[in-house]
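Since the structure is predicted, the reported quantities are computational estimates derived from the model, not experimental observations.
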Amino acid sequence: MATTFEPLFSASGNRQTMAPIGPSVADTLPSINFGFDDLRDRMTKFTAKFDAFIEQGRKRVLEERNQFRMNVAEVQEDQRMKKKDIEIVQVKTSTYQQTLEKEAAETHEMESAIAALSSQRDAHLATRDNLKTQIAQTQAEIETRLAAQRAHAQQQEAQQRFNVPELDFWITNLCLRIEGAGQNDRLKFVFTHIDEKNWEREAWFELSTSSREYDVKHCRPKLERESVEGVLEKVNESRELVVLLKGMRELFVEAIKS
């Protein structure tokens with residue numbers, strides 16, 4: 001079966017038949033100016049302005065970021081400095097506290113030392129006062145002993161005035177003993193065997209030697225003053241003690257008998 005197909009030729013024949021004979025419709029339309037160049041120029045300017053704005057914004061952001069970083073660094077530095085200052089203040093405070101504690105301890109020690117010294121001073125003052133009292137008492141005792149020694153020496157000296165060989169003879173024969181009378185210038189003469197009824201009975205008189213003239217101050221038993229004055233007159237004239245001793249013994253014997 002033979003088929004005859006000629007599309008190409010048919011199409012081209014048709015195109016030839018469809019080709020316009022006169023001007024097209026598009027050519028008859030009015031021309032329209034969309035302003036692409038102006039739009040392009042405006043877009044270019046906008047893009048430039050936008051790029052400039054972006055650049056300025058970027059610069060401002062960078063500057064603000066740098067300023068923020070600087071501020072943060074300054075704040076950190078301030079914090080570091082403040083922390084360092086706080087540490088220094090803490091160290092100073094600790095040192096000051098230690099100094100106060102040390103001064104308080106030293107003050108307590110000084111007060112304790114002052115109290116101890118005050119106690120020692122009071123004890124020393126009391127000891128000094130006691131020593132002064134003891135010294136005064138010792139001096140008084142020494143003065144008393146010296147006075148007693150002087151009195152004894154004076155008594156011995158006074159007795160030596162009568163310490164002649166015959167005094168022992170009269171002491172024995174007149175039953176006499178000589179004693180101190182408690183005063184420096186007095187002697188006590190004590191007789192025994194003057195009472196026939198009681199040989200132990202004593203009679204005595206005190207002789208004052210404070211002046212050149214002898215004087216009888218006291219006697220027991222009591223005698224008449226005139227009789228005593230008579231004996232003293234004879235003694236002061238003769239200056240012989242035996243006259244006094246014999247005369248006083250005779251007066252005591254007579255007084256006891258009467």
Side-chain angles (χ1 to χ4, degrees), residues 115-195 198-256:
L117 290 175
S118 298
S119 300
Q120 292 179 0
R121 181 198 61 188
D122 295 338
H124 290 165
L125 289 176
T127 303
R128 184 195 64 183
D129 294 338
N130 291 332
L131 289 176
K132 284 184 176 180
T133 302
Q134 293 178 2
I135 290 171
Q137 293 176 353
T138 304
Q139 288 178 347
E141 291 178 358
I142 292 172
E143 291 295 333
T144 302
R145 291 181 180 180
L146 290 176
Q149 290 178 358
R150 287 193 295 267
H152 180 71
Q154 292 177 358
Q155 180 180 349
Q156 292 295 326
E157 183 181 358
Q159 288 180 353
Q160 287 177 0
R161 294 174 57 187
F162 309 105
N163 192 14
V164 290
E166 64 268 20
L167 183 58
D168 292 336
F169 173 78
W170 293 113
I171 289 175
T172 302
N173 287 275
L174 296 178
C175 298
L176 173 66
R177 72 174 184 272
I178 302 174
E179 299 177 351
Q183 297 184 18
N184 297 335
D185 56 351
R186 291 190 185 184
L187 291 175
K188 185 176 181 181
F189 297 87
V190 182
F191 295 99
T192 59
H193 296 77
I194 57 175
D195 187 355
N198 183 7
W199 294 115
E200 299 297 328
R201 182 176 180 181
E202 295 182 350
W204 57 267
F205 69 93
E206 292 182 0
L207 178 65
S208 175
T209 60
S210 59
S211 62
R212 187 177 183 278
E213 301 292 331
Y214 295 128
D215 186 17
V216 175
K217 294 298 184 181
H218 302 286
C219 60
R220 289 289 183 278
K222 290 184 178 181
L223 301 175
E224 295 292 336
R225 187 61 189 175
E226 294 179 357
S227 301
V228 176
E229 290 291 342
V231 174
L232 289 174
E233 185 177 355
K234 294 177 182 180
V235 173
N236 290 323
E237 288 178 358
S238 63
R239 305 301 299 173
E240 294 181 2
L241 182 60
V242 65
V243 176
L244 175 64
L245 298 178
K246 291 176 66 175
M248 292 299 295
R249 181 177 176 83
E250 291 175 356
L251 292 178
F252 283 134
V253 173
E254 293 177 357
I256 291 175

task: Given side-chain contact (heavy atoms from CB on, under 4.5 Å), test H218 with W204 step by step and report yes or no.
output: CA-CA 8 Å; H218 302 286; W204 57 267; 4.0 Å; yes
- request: Measure the CG-CZ distance between L245 and F191 for me, rounded to the nearest 0.5 Å.
  value: 5.0 Å
message: What's the separation between atom CZ in R128 and atom CG in D122, rounded to the nearest 0.5 Å?
response: 11.0 Å
message: So, taking the atom named CG in L174 and the one named CE in M248, what distance separates them when rounded to the nearest 0.5 Å?
response: 12.5 Å
- request: Rounded to the nearest 0.5 Å, what's the gap from CD on Q139 to OG1 on T144? Could you check?
  value: 11.5 Å
message: Please check: side-chain N/O of R177 versus main-chain N/O of K188, any donor-acceptor pairing under 3.5 Å?
response: no
message: Would you say that more than 12 heavy atoms from the other residues, nucleotides or ligands in this model lie under 6.0 Å from the CD of E141, or not?
response: yes
- request: Calculate, to the nearest 0.5 Å, the distance between atoms CD and CG belonging to E213 and L232 respectively.
  value: 9.5 Å
Shortest non-hydrogen separation from P221 to F252 and the atoms involved: O-CE2, 3.5 Å
message: Whether E229 and R225 form a salt bridge (side-chain N of Lys/Arg under 4.0 Å from carboxylate O of Asp/Glu) is what I want to check.
response: yes
- line: Rounding to 0.5 Å, atoms CG (D215) and CZ (R186) come to a distance of 8.5 Å
message: Donor-acceptor pair, distance only, cut-off 3.5 Å: does the side chain of N236 make one with the backbone of Y214?
response: yes
